[in-house]
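One structure is given below, encoded as structure tokens.
Remember, it's a predicted structure, so these values are computed and weren't measured experimentally.
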Amino acid sequence: MKPVDLTTQLGGITLRNPIITSSGTYGFGEEYLAYCPLEALGGITLKGITPLPRLGNPVPRLAETPAGLLNAVGLENPGLEEFLKSYLPKLSKIPTAVIANISGFSLDDYACMARALKKGSGITALEVNISCPNVKHGGMHFGTDPKSAQEVMAAVKAETDLPIIAKLSPNVTDIVEMARAVQRGGADVLSLINTLLGMSIDLNSQRPVLANTFGGLSGPAIRPVAVRMVWQVAEAVDLPIIGMGGITSWQDAVEFLLAGATAVSIGTGNFYNPQAPLDVVEGIRNYCEQRGYSSVQELVGLAHRG
Amino acid sequence: MKPVDLTTQLGGITLRNPIITSSGTYGFGEEYLAYCPLEALGGITLKGITPLPRLGNPVPRLAETPAGLLNAVGLENPGLEEFLKSYLPKLSKIPTAVIANISGFSLDDYACMARALKKGSGITALEVNISCPNVKHGGMHFGTDPKSAQEVMAAVKAETDLPIIAKLSPNVTDIVEMARAVQRGGADVLSLINTLLGMSIDLNSQRPVLANTFGGLSGPAIRPVAVRMVWQVAEAVDLPIIGMGGITSWQDAVEFLLAGATAVSIGTGNFYNPQAPLDVVEGIRNYCEQRGYSSVQELVGLAHRG
Amino acid sequence: MLSQGLVVSHEQLGNTDQKLRRLVLQGPAAQTAQAGQFVTVQVQDSARASFDPLLRRPISIAEISPERDEITLLYRIKGRGTEILAQARCGDSLSIMGPLGNGFSLPEEGELWLVAGGIGIFPLFALAQRALSQGLKVRLFWGGECKSFMESAGLASWKELEIKTSLSTLDGSLGEKGLVTEPLHSALTQIKPADSKPEANEVRVSVAACGPKGMMQSVTELCQRFDVPIEVSLEERMGCAVGACLGCVCTLKDKAGRLIHKKVCLDGPIFRGEEVVWNETC
Amino acid sequence: MLSQGLVVSHEQLGNTDQKLRRLVLQGPAAQTAQAGQFVTVQVQDSARASFDPLLRRPISIAEISPERDEITLLYRIKGRGTEILAQARCGDSLSIMGPLGNGFSLPEEGELWLVAGGIGIFPLFALAQRALSQGLKVRLFWGGECKSFMESAGLASWKELEIKTSLSTLDGSLGEKGLVTEPLHSALTQIKPADSKPEANEVRVSVAACGPKGMMQSVTELCQRFDVPIEVSLEERMGCAVGACLGCVCTLKDKAGRLIHKKVCLDGPIFRGEEVVWNETC
Ligand SMILES: Cc1cc2nc3c(=O)[nH]c(=O)nc-3n(C[C@H](O)[C@H](O)[C@H](O)COP(=O)(O)OP(=O)(O)OC[C@H]3O[C@@H](n4cnc5c(N)ncnc54)[C@H](O)[C@@H]3O)c2cc1C
Ligand SMILES: Cc1cc2nc3c(=O)[nH]c(=O)nc-3n(C[C@H](O)[C@H](O)[C@H](O)COP(=O)(O)OP(=O)(O)OC[C@H]3O[C@@H](n4cnc5c(N)ncnc54)[C@H](O)[C@@H]3O)c2cc1C
Ligand SMILES: Cc1cc2nc3c(=O)[nH]c(=O)nc-3n(C[C@H](O)[C@H](O)[C@H](O)COP(=O)(O)O)c2cc1C
Ligand SMILES: Cc1cc2nc3c(=O)[nH]c(=O)nc-3n(C[C@H](O)[C@H](O)[C@H](O)COP(=O)(O)O)c2cc1C
Ligand code: FES
Ligand code: FES
């Protein structure tokens, strides 16, 4: 039997397989090396960067919820300059696709990062985070207003020759409207979903658990919402989708593929099982073999039939 | 020591305690009698009714997700006429507050039900469901568009002398905007949240698990989102809130009270533990005693301080 | 009733691949249980309670022993819930709702014929015991995959009941090769030859069936053809298990021929075969 | 490293109210473990894996036995995760990440003084064993609530090490009444009388401290005053435990006095006391 073809096309780039790791959960690529060889992955997405360095929010930054995790890291990152100096040079040696993730508080912010991250820099694609719910200014706005989202994508598109991925926030009434807006702005690929805005309160202190009050909810708890959004967008918008939100196993990943995602990304699932990406690749391969698919791409959107 | 005062004021009505059971999860009040005496509760909310009888969606109507439940019952109910004839007469004997829950597909639908449900009918208050995500027409629209939501509430207000409770959908960009809209429409109380729109896919059949494709996500998984929305609305809108979404224990209930809910409601939690409402009443009483609160109302919104 | 069931015995039946388990729980549920009723089980020890899985799992009561406060559940590991349940060890305490549902009705006199497909045999054992203790004549028709399955699923216990038994297997490794409907058909023909008029001394037979939907449909059609009353045990995914959530509805035809919904948990799981709309999509 | 830890022993220490447990896990993690490192444990047997609780729980490695492939974890039941962990039984298999973190550094020569507050004693035992085996002189300062706590938390094992020990309890039921900082202060004064100049034959002391934050802060201030190097073990809620999520940062002062973040999981949990910004809110 011919081995299953796991390669995946995403906005002009070819991934070894459809398994990516998610921004903010996989550091800058080195942290999980003892658990998961990067050459086994389709790609990794780096921690979100901003033009200037950020210390992020005070601790506690994490709170566990039923089958979920709230985080309010607040985009702690070394800033663009330090990123270019200390991190980027190492990245070109990483044996998989490397997706940079950029966040900003103005169109200029996004544009300036896009300008610095082009083909040949060691970056394979640019994911534009318009959805981080943890930052008090800007972030929320870009991700929930279609017009602003379109402008951000257009500003990025104008400055880089890399494929650009729009990362959408689920905290909206109409995810399809947002997807259409970023498509108009020039997005080549869609990433969905980012975290749901949530919070929890400590009964002893009678105060919010997170120093930031609000945090982003991720993990298995949100998977049904994520799958639904991928499904809705896949029906309406003709762009490849990176599906994410609560993937911990190959079954979860296949669910997203069947819903219409071209690739999938694992975030919080790495905390649960640091070998989750490996298990997912293997599980998808087996599923395809057992069902007689010669390519993983045959799964994409299959649940929409009939 | 004086016993803790658990009574709760909600839009002009007085509840024995702040624990209510949620619409669609507690039938018409008889189903859980073997597990939970109704006189122990602050109130119960009846299954949503519509002007005409509805058979609802085909099965499967339920799908389990991590710490959550998807349902697509599709508002199966006997219709207003049968409700008035066969159910209402029994309800006046129920030894707790009885909240009717109404859903409709037009302003007239809501108005006609409000007209039939007035003071003295055996109903204590009217919960207006503008948020059911399972019905293909109307439901979603009323609950996600501020103007329509306001109109529905105004239409109901004009027809009934009962306190009216607006039940909000969480599937919106800005929950505060929705709360303000229903307040303008005349809502006396807010119920939040209804279910998050979600779905799941079966890997064997490669089709959505639910016959209806989409369903409403409830249970512990959504609690962080629900607490966040209660918190946001409590900060912005001066109406009492019935907090719900994932409550299974007294700890969860106290979390909602601290976030700003005046009362709490238990839905899916009854499936997990049919004595959950009893346990919650007892747990809240103990929490108040141990911390020296003489009234449960002292807890409301406490987490917003300093 | 909500109660704790103490695991007093939990064993694998047959080989590992068959994924069959026998779980004996000690607790008050045994006192009121009727054949055909079920309980819903929280699949983890109460001390380890978790929200994942969130829902209780419905399992029929296979044996009832009020003297020893014990109910026996026989189940097949199907998905995550039953996989976790299979880890329960003696001394664990599981939260149990039930007995729930309506149970089979016992005929006053005559013969009770049990028709089982696969693990549909499980809820019928308590019924057989009950019927025998009331002096009814009981007969079993049971179809399964192969001999080893039948043995694992409790054949020996059935043999001890010393009732007339017709076995069929798909591969012919035990009893007749084929479907359970075939021996049932022959037997029905014997008591009610095709166009015979009802006679005074005719054997009064009632059928109780449990198994895959398609099998219960065929059995119902057969029974209707021979004018024999039949009860079937339906399954549906459950939320509340007490009739409150409308998650578990099945479609029936009422007297007027209208399609109506009933709740498998509260109005069932046992329904008269002729009421059931087998291929409904409403 | 991701591995399975087989539960070979799991016992309650002291009385039930103290909620202390001793868990011995067999597996490859023992081979590379260093004192001061920790593992993160999935609190349920792998066969029962659930997403609730979702996160692994960090626990320090209290004893390391590479010969027997065993690590010992000592913990106090605090919330749901540790409550569920406390249900693990011999024969269960727990998923383990680690050893993680940097571990204490061992001085080349001189004395190692261990300063523990409450259950902060737990990670120091492996360190003591290691230091003794390398020929260092070890001394213990340990403060706790009362005699019965100290006994439950392992006093007997410490006595077996036959090291010089100063105990303090809040209620005076064992050792001196008061805080652990008091005997430490006296001892530091003895080796370094207030304004004496450093001498050639002075005892070289290093301190390793673990306990509540306030206690570690006081100990650090003392050590700085006496110019004694000190390492402290910090705690923070963890997500990834490998430095990837930035969930567990602590605030330190760098050489230039600027506030920076380090990751407790990867850069710690052991930090030099003087680096730590104790009352940070950034
Ligand atoms: C009244 C009743 C009595 C039952 N008695 C028995 C019994 O005696 N022995 C036995 O082995 N099984 C019995 N079942 C079936 C048993 O409840 C399911 O096999 C079990 O709930 C599956 O749970 P799981 O977590 O292992 O699988 P899941 O992972 O939840 O589901 C696996 C598959 O099983 C199906 N399923 C899930 N829940 C149900 C459900 N409630 N009913 C039917 N199918 C479902 C779905 O198709 C799903 O894809 C009974 C079911 C009902 C409704
Ligand atoms: C590096 C490190 C080593 C540790 N070593 C030990 C040890 O050897 N023995 C021991 O008993 N405990 C140790 N702890 C603390 C232990 O991890 C927590 O007590 C445990 O995670 C609590 O989990 P829970 O589910 O029981 O409580 P939860 O219900 O999760 O939390 C109860 C409370 O504990 C606090 N908490 C939760 N997670 C953490 C965390 N990761 N760190 C600190 N506080 C937390 C929160 O304030 C929360 O309100 C260590 C922690 C770290 C970071
Ligand atoms: C700790 C943490 C940090 C995150 N940081 C970022 C980030 O910097 N940029 C971004 O676009 N998404 C960020 N995310 C969102 C994830 O990339 C992902 O979209 C989300 O967590 C849902 O997937 P999951 O359920 O698999 O984690 C973060 C998530 C977590 C849990
Ligand atoms: C099976 C089911 C049926 C429901 N039906 C209704 C309904 O008819 N009307 C309504 O307003 N909400 C309905 N809901 C929503 C609940 O009342 C509640 O808002 C939601 O489930 C969140 O609370 P929970 O997590 O405690 O269940 C239903 C929920 C479930 C699970
Ligand atoms: S399971 Fe809720 S009505 Fe049957
Ligand atoms: S826990 Fe993720 S960086 Fe430390």
Side-chain angles (χ1 to χ4, degrees), chain A residues 21-36 44 46-48 53-78 209-211 215 218-221 223 246 248-249 252 267-276 278, chain D residues 1-4 29 32 39-44 46 49-58 78-81 84 95-100 213 234-252 254 258-267 277 279-282:
Chain A
T21 53
S22 305
S23 179
T25 68
Y26 224 69
F28 289 102
E30 293 187 334
E31 292 80 356
Y32 273 104
L33 279 180
Y35 303 88
C36 181
I44 62 170
L46 307 178
K47 172 66 194 168
R54 288 176 55 89
L55 266 183
N57 292 323
V59 292
R61 290 177 169 188
L62 302 176
E64 198 185 38
T65 70
L69 173 67
L70 286 167
N71 91 81
V73 168
L75 278 178
E76 169 162 356
N77 81 92
V209 174
L210 298 174
S218 63
R223 202 177 69 229
T248 65
S249 68
D252 303 341
T268 307
N270 294 297
F271 308 167
Y272 182 76
N273 172 11
Q275 289 178 349
L278 296 181
Chain D
M1 181 172 55
L2 186 69
S3 65
Q4 291 292 319
T32 58
V39 292
T40 61
V41 184
Q42 220 155 51
V43 294
Q44 291 182 307
S46 306
S50 150
F51 295 126
D52 176 43
L54 182 67
L55 296 178
R56 295 156 176 273
R57 297 302 194 262
K78 189 161 180 187
R80 256 189 89 233
I84 294 172
S95 171
I96 299 291
M97 266 175 88
L100 298 167
K213 224 171 176 179
L234 298 188
E235 286 194 10
E236 195 46 67
R237 286 150 184 266
M238 291 185 179
C240 67
V242 298
C245 77
L246 303 179
C248 70
V249 293
C250 59
T251 306
L252 304 182
D254 72 3
R258 268 177 322 198
L259 298 186
I260 56 164
H261 279 161
K262 291 256 182 181
K263 301 152 193 165
V264 170
C265 66
L266 185 70
D267 306 317
V277 179
N279 294 314
E280 113 288 348
T281 48
C282 81

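Counting heavy-atom pairs closer than 4.5 Å to chain A, the top-ranked of the candidates Cys248(D), Gly243(D), Gly239(D) is Gly239(D). Among Ile260(D), Val242(D), Leu266(D), the residue making the largest number of heavy-atom pairs under 4.5 Å with chain A is Val242(D). Ranked by non-hydrogen atom pairs under 4.5 Å with chain D, the options Tyr32(A), Tyr35(A), Phe28(A) are led by Tyr35(A).
Heavy-atom distances place both the backbone and the side chain of Tyr272(A) under 4.5 Å from chain D. With a threshold of 4.5 angstrom between heavy atoms, Asn77(A) does not approach chain D through any atom at all. At a 4.5 Å heavy-atom cutoff, the contact between Ser50(D) and chain A is made by backbone atoms alone. Interface remark: Pro66(A) contributes backbone and side-chain atoms alike to the contact with chain D (heavy atom separation under 4.5 Å).
With respect to Asp267(D) and Lys263(D), no salt bridge is recorded, no charged nitrogen being found less than 4.0 Å from a carboxylate O. Salt-bridge check for Glu235(D) with Lys213(D): failed, with every basic side-chain N at 4.0 Å or more from each acidic carboxylate O.
Put simply, the side chain of Leu246(D) reaches to within 4.5 Å of the side chain of Lys47(A), judged on heavy atoms. At a threshold of 4.5 Å between non-hydrogen side-chain atoms, the residues Glu236(D) and Cys250(D) do not count as touching.
Judged by distance alone, with hydrogens and angles left aside, the side-chain atoms of Arg223(A) form no donor-acceptor pair with the main-chain N or O of Gly219(A) at under 3.5 Å.
None of Arg80(D), Arg57(D), Arg56(D) except one satisfies the salt bridge (charged side-chain N to carboxylate O under 4.0 Å, His left out) rule with Glu64(A); the exception is Arg57(D).
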